[in-house]
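Input: a single structure, listed below in structure tokens.
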Amino acid sequence: MIRELDKAEFYKCEKLINDVGHLEVKAVIEGNNPGRIFVDQINSPKTGLIWLGNNDGFFFIGDERNELFNTHINDFIDKVIFPEAKKLGLNSFIAIGNHSRWDKIIERIFEHRHIQRSHQNVYKLRGHYKGDSELSIKRGYDLLKIDEELYRNKEKNLKNIGFLHSKVLGFWASPENFFQKGIGYCIVYQNKIVSLCFSGFVAENVHGIDIETIEEYQGNKLGQKAAHCVVKDCVSKGMIAYWDCEEANKPSNVIAINIGLENYLNYLVYIIPLDEG
């Protein structure tokens, strides 16, 4: 039987972490970012499933050969996960293995469904930061650090502060958690946040970067400028920048390389439509 762990029990899954695996898994188990964990047994889990709090995916962790877990997980997902996900308005179940040995198991578990595959690339700053490649931005654009004063927007200077709020709260349990553990910068044009880059997930000294530029302002390298600042801040604090993007997203891959990040991990993402459940 598969059971859900209380947050106070997440530490029991530390031994299931793949050290060269995904930052998100470590961030949830450490309690830095929201998430839920389902395991084969409460006292000494061997295998588990992590549901990220931002609903970006489900990570399979631990022993992929655990037949007790594998035999019951499909039924559990059908009866428990899919209905809850649908209530949240999710259209698909995104499955990821915390190590590549999970890939064949995930394919076998969901072999009766239509599965789409996506390739992801992860980059990390390993060597010297390429500060000399930092960009200047056009006149009229202002680069601002995302701090508590900017977030609160008491003077109502920023027209679309909800954009920032929704992004931060999509990853963090509270803005206070972000201010304590995260790093972020945004670019403002005519009192409007048009691009931002910040720590989405954090585990130990690694910061997973999330970046977004409003569509009509894309192509001006604003995201790259904000990303440079986040990486520079990481370096100054002894932190490591971590960048995860879809292989097909060429602009995002180019930004990572231009900043000086190097390929660290490549993995598969399995996308299963919920309307098949």
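Sequence positions, counted from 1, serve as the residue numbers for this chain.
Note: Phe82 and Phe93 meet the aromatic proximity criterion, with ring centroids under 6.0 Å apart. Aromatic ring centres of Phe76 and Phe38 lie closer together than 6.0 Å.
No side-chain heavy atom of Cys197 sits less than 4.5 Å from a side-chain heavy atom of Asp210. Contact check for Val269 versus Ile94: side-chain heavy atoms found under the 4.5 Å cut-off. Contact annotation: the side chain of Phe69 never approaches that of Glu64 to less than 4.5 Å [non-hydrogen atoms, C-beta and beyond]. A heavy-atom distance below 4.5 Å is found between the side chains of Ile209 and Val231. Side-chain atoms of Val230 and Trp243, non-hydrogen and from C-beta on, never get closer than 4.5 Å to each other. Side-chain contact between Ile214 and Phe163: present, with at least one pair of heavy atoms (C-beta onward) separated by less than 4.5 Å. Taking the side chain as every heavy atom from C-beta outward, Cys234 and Leu125 never approach each other to under 4.5 Å. Residues His207 and Ile183 have side chains in contact (heavy-atom distance under 4.5 Å, counting atoms from C-beta outward).
Using the six-membered ring where Trp is involved, Trp102 and Phe60 have ring planes that are tilted, between 30° and 60° apart.
The hydrophobic cluster containing Ile81 also contains Leu88, counting ILVMFWY residues as joined when their side-chain heavy atoms lie under 4.5 angstrom apart, directly or transitively. One hydrophobic cluster, built from ILVMFWY side chains closer than 4.5 Å, cannot hold both Ile2 and Leu68; they sit in different ones. Placement of Tyr11 and Ile50 in two distinct hydrophobic clusters is found when ILVMFWY residues are connected by side-chain heavy-atom separations under 4.5 Å, directly or transitively.
In terms of modelled atom types and a separation under 3.5 Å, the side chain of Asn160 and the main chain of Ile193 share a donor-acceptor contact. Counting only distance, with no hydrogens or angles, the side chain of Asn74 and the backbone of Asn70 share no donor-acceptor pair below 3.5 Å. The backbone N or O of Gly21 sits nowhere less than 3.5 Å from a side-chain atom of Asn98 that would complete a donor-acceptor pair. In this structure a side-chain-to-backbone donor-acceptor pair under 3.5 Å is missing from Trp51 to Ala85. With Asn18 contributing its side chain and Ile61 its backbone, the two residues share no donor-acceptor pair below 3.5 Å. Between the side chain of Thr213 and the backbone N or O of Gln218 there is no donor-acceptor pair closer than 3.5 Å. Checked by atom type and distance alone, the side chain of Asp6 never pairs as donor or acceptor with a backbone atom of Ala8 at under 3.5 Å.
Between the side chains of Asn66 and Asp40, at least one donor N or O lies within less than 3.5 Å of an accepting N or O. Asp142 and Tyr189 are not linked by any side-chain donor-acceptor pair at a separation below 3.5 angstrom, with hydrogens and angles left out of the test. Side-chain contact of Lys225 with Ser195: a donor-acceptor pair under 3.5 Å is absent, judged by distance alone.
Minimum interatomic distance between Ile255 and Ala227 (heavy atoms only, all atoms of both residues): CG2-CB, 4.5 Å. Closest non-hydrogen pair, Ile211 versus Gly223, comes out as CD1-O, 3.1 Å. Residues Cys13 and Leu5 approach most closely at SG-CD1, 3.6 Å, considering heavy atoms. Between Leu169 and Pro175 the shortest heavy-atom distance is CD2-CD, 3.6 Å.
Crowding of Lys26 atom NZ: a count of heavy atoms from other residues, nucleotides or ligands under 6.0 Å exceeding 12. The number of heavy-atom neighbours closer than 6.0 Å to NE2 of His165, taken from other residues, nucleotides and ligands shown, is above 12. A 6.0 Å sphere centred on CG of Asn91 holds no more than 12 heavy atoms belonging to other residues, nucleotides or ligands. The number of heavy atoms from other shown groups lying within 6.0 Å of NZ (Lys154) does not exceed 12. At most 12 heavy atoms of other shown residues, nucleotides or ligands fall within 6.0 angstrom of atom NZ in Lys46.
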*Take Tyr217 and Tyr141 through the side chain to side chain contact (heavy atoms under 4.5 Å, CB included) test and state the conclusion after the steps.*
CA-CA 11 Å; Tyr217 296 92; Tyr141 291 91; 3.7 Å; yes
*Show the numbers, then the answer: is there a side chain to side chain contact (heavy atoms under 4.5 Å, CB included) between Asn177 and Asn32?*
CA-CA 8 Å; Asn177 282 3; Asn32 292 333; over 6 Å; no
*Please assess Val122 against Asn266 for the test side chain to side chain contact (heavy atoms under 4.5 Å, CB included), listing each intermediate value before the final yes or no.*
CA-CA 6 Å; Val122 175; Asn266 304 298; over 6 Å; no
*asked:* If you apply the rule ring pair (Phe, Tyr, Trp, His ring centres under 6.0 Å), what do you find for Phe198 with Tyr185, and how did you get there?
replied: CA-CA 6 Å; Phe198 67 100; Tyr185 287 84; over 10 Å; no
*asked:* For a ring pair (Phe, Tyr, Trp, His ring centres under 6.0 Å) check, start with the C-alpha distance between His99 and Tyr267, then their side-chain angles and the critical distance, and finish with the verdict.
replied: CA-CA 8 Å; His99 51 71; Tyr267 66 95; over 10 Å; no
*Would Ile37 and Ile29 count as a side chain to side chain contact (heavy atoms under 4.5 Å, CB included) if you check the C-alpha gap in whole Å, the side-chain angles of each, and the deciding distance to 0.1 Å?*
CA-CA 8 Å; Ile37 304 180; Ile29 292 175; 4.0 Å; yes
*asked:* Using ring pair (Phe, Tyr, Trp, His ring centres under 6.0 Å), reason through Phe179 and Tyr151 one step at a time and then give a plain yes or no.
replied: CA-CA 10 Å; Phe179 301 139; Tyr151 188 93; 5.5 Å; yes
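Atom CD1 of residue Ile272 and atom CD1 of residue Ile115 lie 5.0 Å apart, to the nearest 0.5 angstrom. Note that the CG atom of Asn220 and the CD1 atom of Ile187 stand 9.5 Å from one another [nearest 0.5 Å]. The OH atom of Tyr123 sits 10.0 Å away from the CG atom of Asp244 when rounded to the nearest 0.5 Å. Going from atom NZ of Lys167 over to atom CG of Leu196 covers 6.5 Å, rounded to the nearest 0.5 Å. Expressed to the nearest 0.5 Å, how far OG of Ser252 lies from CD of Glu246 amounts to 9.5 Å. One finds the NZ atom of Lys192 at 13.5 Å from the SG atom of Cys186 (value rounded to the nearest 0.5 Å).
A salt bridge is absent between Glu107 and Arg113; no separation between the charged side-chain nitrogens and carboxylate oxygens falls under 4.0 Å. Salt-bridge formation is not detected for the pair Glu84/Lys79: no Lys NZ or Arg NE/NH1/NH2 atom is positioned less than 4.0 Å from an Asp or Glu carboxylate oxygen. Taking 4.0 Å as the cut-off between side-chain N and carboxylate O, Arg152 and Glu176 count as a salt-bridged pair. Between Glu67 and Arg108 there is a salt bridge, since a side-chain N of the basic residue sits under 4.0 Å from a carboxylate O of the acidic one. A salt bridge links Glu4 and Arg36; the closest N-O separation between the charged side-chain nitrogens and carboxylate oxygens is under 4.0 Å.
Seen from the ring of Tyr264, Lys124 counts as a face-on cation partner, given the 6.0 Å and 45° thresholds.
With sequence neighbours left out, the side-chain contact (heavy atoms from CB on, under 4.5 Å) criterion links Val254 to Asn258.
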Name every donor-acceptor pair, under 3.5 Å, that has one atom in a side chain of residues 143-150 and the other anywhere in the protein, sequence neighbours excluded.
unit_1: Lys145; atom_1: NZ; unit_2: Asp233; atom_2: OD2; d: 3.3
unit_1: Asp147; atom_1: OD1; unit_2: Glu149; atom_2: N; d: 3.4
unit_1: Asp147; atom_1: OD1; unit_2: Leu150; atom_2: N; d: 2.9

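Under the side-chain contact (heavy atoms from CB on, under 4.5 Å) test applied with Glu155, the options Asn153, Leu158, Asn157 reduce to a single match, Asn157.
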